[in-house]
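A quick write-up on the structure given underneath.
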Amino acid sequence: MLKIRIIPCLDVIKNKVVKGVNFKNIRVMGNAVEMAKYYSLSGADELCMLDINASYQNRKTFIKTVEAIAKVINIPLTVGGGVSVLNDITDLLNAGADKVSINSAAVKNPKLIRQASLRHGSQCIVVAIDGKRHKNKMKVVIKGGREITNLELISWAKQVQSLGAGEILMTSMDTDGVQNGFDSNMLKKVTSNVGIPVIASGGVGSLEHFYLGHLTKSTGLLAASVFHSRKYKIKTVKKYLSSKGVPVRL
Amino acid sequence: MKKKVIGLIDGQSGNIGSINKAIKDIIKGRPYRLKIIKGHFNYSSFDKIILPGQGAYATLMSNLKKLKIIKPLKEYLENNSSYLGICVGMQILSDWGYEDKITRGLGVISGDIKKFRNKKLIIPHMGWNTINLNNDDTIITNSFDKKDFYFVHSYIFQNIKKSDVLAFTLYGQKFPSIIKKGNIYGVQFHPEKSHKHGLNLIKNYILKS
């Protein structure tokens with residue numbers, strides 16, 4: 001039976017894992033390579049890392065960090081942030097990423113999804129979608145939620161699938177960072193409208209939240225704070241899910 | 001003592017970094033040598049060949065053709081030499097692939113590569129799933145039975161002889177996750193991404209076969 005994937009997410013600047021999307025209060029949580037190694041050894045099913053400040057200077061160090069991480073883990077690695085053109089994807093795959101996630105660039109230029117999946121195969125193209133409720137509608141937002149686009153969430157999710165995305169990383173900006181649980185309602189709408197895997201992201205604060213995330217039919221559950229702060233070990237989450245009858249890799 | 005030569009084919013079908021590193025770690029301090037195959041090769045100069053693959057069947061076949069790898073690889077396999085195909089590297093052992101367009105495969109293990117039948121399944125089949133061993137083998141030993149490995153694929157080996165299936169996995173249906181004919185092995189999952197069990201499998205393949 002296919003297991004639910006528990007995916008720690010590292011928000012990275014250069015080679016440090018940081019917390020706080022709000023650039024004023026960046027807190028360093030640790031060294032990216034060390035943390036990646038720790039998660040791989042402690043039972044993470046996949047790892048996700050995002051370049052949250054992909055400036056020209058920081059990028060070089062970030063790519064080196066991807067290379068260093070790919071060398072020390074032997075679980076799949078998804079890398080995102082700062083991807084704007086096809087060559088950015090190629091660079092990350094060459095650095096050792098197994099999958100690359102595209103966000104704003106896909107919204108601005110949907111053809112990029114098709115080009116990327118034709119060049120590298122759908123299995124390594126993840127489209128990250130940030131969703132937010134606006135005037136009673138679920139919309140796609142970019143720039144960390146600061147800019148609301150005209151795109152309706154569900155039709156965008158369907159579109160990225162038809163353009164060749166192999167997976168959707170779905171973050172709700174209404175629940176992200178609040179630790180009150182995943183946005184079950186938004187996630188269910190997405191999973192019931194696409195046939196590709198969906199990773200739930202944004203809002204995990206308790207063990208029960210993981211279980212509720214599983215009920216949305218998302219096949220991957222992404223979390224950052226609860227792991228980085230050592231509130232839960234990955235094993236703890238998996239044992240809990242297993243006790244609720246959810247298939248996990250122990 | 002003469003070193004055994006392992007060939008790792010770079011079919012330009014995904015990154016070979018992880019598998020390259022895994023092999024290097026295993027053979028360190030042991031009488032083996034690793035050579036990357038990027039073009040025509042002399043089939044008799046290799047003791048083992050590993051072909052990892054990602055992406056589409058047709059793409060890998062056409063890459064191998066362009067790189068002039070098909071002919072020596074076929075000669076190598078027809079000699080029942082030792083081979084490990086990973087994901088698409090396993091799939092192209094079949095007669096035909098039905099991904100994108102119908103493509104002729106290497107025809108070493110009879111069967112076809114077709115999409116999962118169940119239309120309601122989430123595709124690709126992505127994540128960790130269990131292998132169930134049909135038979136014990138010197139390389140895929142009993143200790144792997146019921147263990148989880150990392151899969152990512154949308155197509156499966158169909159119409160294969162039962163005797164060529166070493167392990168199967170369930171995802172909407174039963175499908176072959178490890179195949180074997182003589183010294184030729186194929187795994188549908190990615191051992192290089194499958195943490196300790198995956199690395200053990202590669203280790204067994206290199207050291208015990």
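Both backbone and side-chain heavy atoms feed into the values below; hydrogens, waters and symmetry mates do not. So that the names make sense, note that chain A is the first sequence line, chain B the second, and so on, each numbered from 1.
- Residues A:Gly166 and B:Pro124 come closest through the heavy atom pair O-CD, 3.5 Å.
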Distance-only check: which donor-acceptor pairs of chain B and chain A lie under 3.5 Å?
from	atom 1	to	atom 2	distance (Å)
B:Asn15	ND2	A:Leu93	O	2.3
B:Lys21	NZ	A:Lys71	O	3.1
B:Gln54	OE1	A:Gln123	NE2	3.4
B:Ile123	N	A:Gly195	O	2.9
B:Trp128	O	A:Lys3	N	2.9
B:Trp128	NE1	A:Asp45	O	2.9
B:Asn129	OD1	A:Met1	N	2.9
B:Thr130	OG1	A:Lys3	NZ	2.8
B:Asp148	OD1	A:Lys3	NZ	2.9
B:Tyr150	OH	A:Glu46	OE2	3.2
B:Tyr150	OH	A:Lys99	NZ	3.4
B:Lys193	NZ	A:Asp98	OD1	3.1
B:Lys193	NZ	A:Asp98	OD2	3.0
B:His195	N	A:Asn74	O	3.0
B:His195	NE2	A:Ser40	O	3.1

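- In terms of heavy-atom pairs under 4.5 Å with chain B, the best-connected choice from A:Val198, A:Ile75, A:Ile4 is A:Ile75.
- Considering all non-hydrogen atoms of both residues, B:Ile122 and A:Pro197 come closest at CG2-N, 3.3 Å.
- Across A:Pro76, A:Ala70, A:Gly121, the residue that shares the most heavy-atom pairs under 4.5 angstrom with chain B is A:Pro76.
- Looking only at heavy-atom pairs under 4.5 Å with chain B, the residue among A:Cys124, A:Gly195, A:Ala97 that has the most is A:Gly195.
- In this structure, the salt bridge (charged side-chain N to carboxylate O under 4.0 Å, His left out) partners of B:Asp137, at least two apart in sequence or on a different chain, are B:Lys180.
- Only the backbone of B:Leu121 comes within less than 4.5 Å of a heavy atom in chain A; its side chain stays farther off.
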